[in-house]
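The structure appears below as structure tokens.
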Protein chains: 2
Amino acid sequence: MVLTAAQNRVVTAALELFARHGVGGTSLQMIADEIGVTKAAVYHQYNTKDEIVLAAAETELARLEAVVEVAERAPSAKAARDALVEGMVDLAVEGRRTVGSILNDPVIVGFFEDHAPFRRVMTRLRTLLLGDDSGPEARAQTAILIAAISGAVMHPFVADLDDKLLREQLLRMARRLLS
Amino acid sequence: MVLTAAQNRVVTAALELFARHGVGGTSLQMIADEIGVTKAAVYHQYNTKDEIVLAAAETELARLEAVVEVAERAPSAKAARDALVEGMVDLAVEGRRTVGSILNDPVIVGFFEDHAPFRRVMTRLRTLLLGDDSGPEARAQTAILIAAISGAVMHPFVADLDDKLLREQLLRMARRLLS
DNA sequence: GTCTATAGACCGATAGAC
DNA sequence: GTCTATCGGTCTATAGAC
């Protein structure tokens, strides 16, 4: 998962376009145009469109995993949970227009369905939030928190809110949900 | 917005395919195949793909509007709020695999951005939840609740949960968020 | 690592018969 | 309301030069 500079340009352009047009609505020509090269140059980095989609999805997953890793090193369970929630909120607010549509794109959802690393990150995340309880209620609560954070930042109702206020509201909601 | 039987078949097939492949990843040929007719027959109902997307989006919006309308007839503000939340949860749980990806599809989001009826329904929804307060915090809270409900039902963590338990968890979350 | 050029399939959309 | 047939354009992907 270490990308060359050229691969990084492809993945960055792809993520931006996926967020704007969806995965299915993004062509290799559009990615090439966004970078300023030809399609053939893109194909030299990745042999198929699916490989680009996978690399883009895994790049986003890596960002979340980094947040999980930092949280796991916190000195207490409570500190770990707080660090995780703050990190997730920051990721979502930073990528306001992109995170939600990419995470919910049916193609990406399909890729992650049988993706072991994705499931492992989700399990670590759930453990940080709610401890070793892996029952239905704990899984539902985790899903709700993830959906609320990643989805709310995209809603037209918050389009004119500044990042600071949006961040505060999301943290307040998360605290209330986990109390 | 009253659809003929043939138009209804097109919109229903389109919604199913949009959820599975995204709007951009769904072709008119796929819609025609799903119904069991040719592309030309689909074009006889709608002149462009955009018209199909709009009709599909408005059909989903109409379902939400119906829930809002029922809630508005409740005898008290509290009863109205409860009815709205229950109706939204039921809509999301019924359409588990479809609601989230359609609501978050970049193409649909773009269609709704300047769509006056959509904004009107959202405002009525926010008023039912939080009264006449249209400030940033109220809008953020509304966005969070909508995102949590519509997004959580799609998460792999709840894929094996039955509808009843998922419904209970979502209602518990909503109550906690609005208390 | 980037280019030009191309192959073959599929795209949205239309014409016209039944 | 559905069909066959077709248009021009774009799609993913490849070959081969620099």
Side-chain angles (χ1 to χ4, degrees), chain A residues 1-59 101-102 105-112 115, chain B residues 1-59 101-102 105-112 115:
Chain A
M1 260 295 290
V2 181
L3 305 181
T4 67
Q7 284 176 327
N8 208 316
R9 281 194 295 274
V10 171
V11 165
T12 303
L15 281 170
E16 168 68 25
L17 291 163
F18 290 168
R20 241 174 21 227
H21 308 286
V23 173
T26 301
S27 70
L28 284 159
Q29 184 67 67
M30 291 161 78
I31 295 173
D33 289 349
E34 180 91 0
I35 309 172
V37 297
T38 60
K39 267 190 298 178
V42 175
Y43 270 108
H44 186 257
Q45 308 301 329
Y46 294 101
N47 292 321
T48 63
K49 183 180 173 182
D50 273 6
E51 282 179 33
I52 298 176
V53 177
L54 188 60
E58 285 178 340
T59 297
S101 27
I102 289 164
D105 190 287
V107 181
I108 307 269
V109 170
F111 267 65
F112 276 152
H115 191 269
Chain B
M1 259 294 291
V2 181
L3 306 181
T4 67
Q7 285 176 326
N8 209 314
R9 282 194 293 275
V10 171
V11 165
T12 303
L15 281 170
E16 169 68 25
L17 290 164
F18 291 168
R20 236 166 35 219
H21 306 107
V23 173
T26 301
S27 69
L28 284 157
Q29 185 67 67
M30 290 161 77
I31 295 173
D33 288 349
E34 180 91 1
I35 309 171
V37 297
T38 61
K39 266 193 296 180
V42 175
Y43 270 108
H44 186 257
Q45 307 302 328
Y46 294 101
N47 292 322
T48 63
K49 184 181 173 181
D50 273 7
E51 282 180 34
I52 298 177
V53 176
L54 187 60
E58 285 178 339
T59 297
S101 27
I102 289 163
D105 190 287
V107 181
I108 307 268
V109 170
F111 268 63
F112 276 152
H115 192 269

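We name chains A, B, ... by the order of the sequence lines, and we start the count at 1 in each one.
- A straight line from CG of Asp33(A) to P of dT10(D) spans 11 Å, rounded to a whole angstrom.
- What separates NE2 of His44(A) from C1' of dA13(D) is a distance of 15 Å, to the nearest Å.
- Both Ala5(B) and Ala40(A) lie close to DNA chain D; mapped to their nearest nucleotides by heavy-atom distance, the more 5′-ward contact belongs to Ala5(B).
- Contact annotation for Thr26(B): backbone-only contact, meaning every heavy-atom pair under 4.0 Å involves sugar-phosphate atoms and none involves a base.
- Atom OH of Tyr46(B) and atom P of dG12(C) are 16 Å apart (whole Å).
- A sub-4.0 Å separation between OP1 or OP2 of dT10(D) and a side-chain N or O of Ser27(A) is absent.
- Among the nucleotides dA13(D), dA13(C), dG1(D), the one closest to any side-chain atom of Tyr43(A) is dA13(D).
- When the P atom of dG12(C) is taken as reference, atom CD of Glu51(B) falls 14 Å away, rounded to whole Å.
- Rounded to a whole Å, the CD1 atom of Ile31(A) is 12 Å from the C1' atom of dT12(D).
- No donor-acceptor distance shorter than 3.5 angstrom exists from the side chain of Thr26(A) to the backbone of His21(A), with no hydrogens or angles considered.
- For Thr38(A) and dC3(C), the shortest distance from a side-chain N or O to OP1 or OP2 is below 4.0 Å.
- When the P atom of dC11(C) is taken as reference, atom NZ of Lys49(A) falls 12 Å away, rounded to whole Å.
- Leu54(A) is not listed as a side-chain neighbour of Tyr46(A), based on a closest heavy-atom distance of 4.5 Å or more.
- Summarising the geometry, the separation between CD on Gln29(A) and P on dA9(C) is reported as 21 Å, rounded to the nearest angstrom.
- Distance, Ile35(B) CD1 to dT2(D) C1': 12 Å, rounded to whole Å.
- For Ala41(B), the listed nucleotide lying nearest its side chain is dT2(D); candidates were dT2(D), dA13(C), dT2(C).
- Projected onto DNA chain C by closest heavy-atom contact, Lys39(A) and Asn47(B) fall at different nucleotides, the more 5' of which corresponds to Lys39(A).
- Across dT2(C), dT2(D), dA13(D), the shortest atom-to-atom separation from the side chain of Leu28(A) is found for dA13(D).
- Between the side chains of Asn8(A) and Thr12(A), at least one donor N or O sits under 3.5 Å from an acceptor N or O.
- In this structure, Leu3(A) CG and Gln45(A) CD are separated by 10.0 Å, a value rounded to the nearest 0.5 Å.
- Counting only distance, with no hydrogens or angles, the side chain of Asp105(B) and the backbone of Gly22(B) share no donor-acceptor pair below 3.5 Å.
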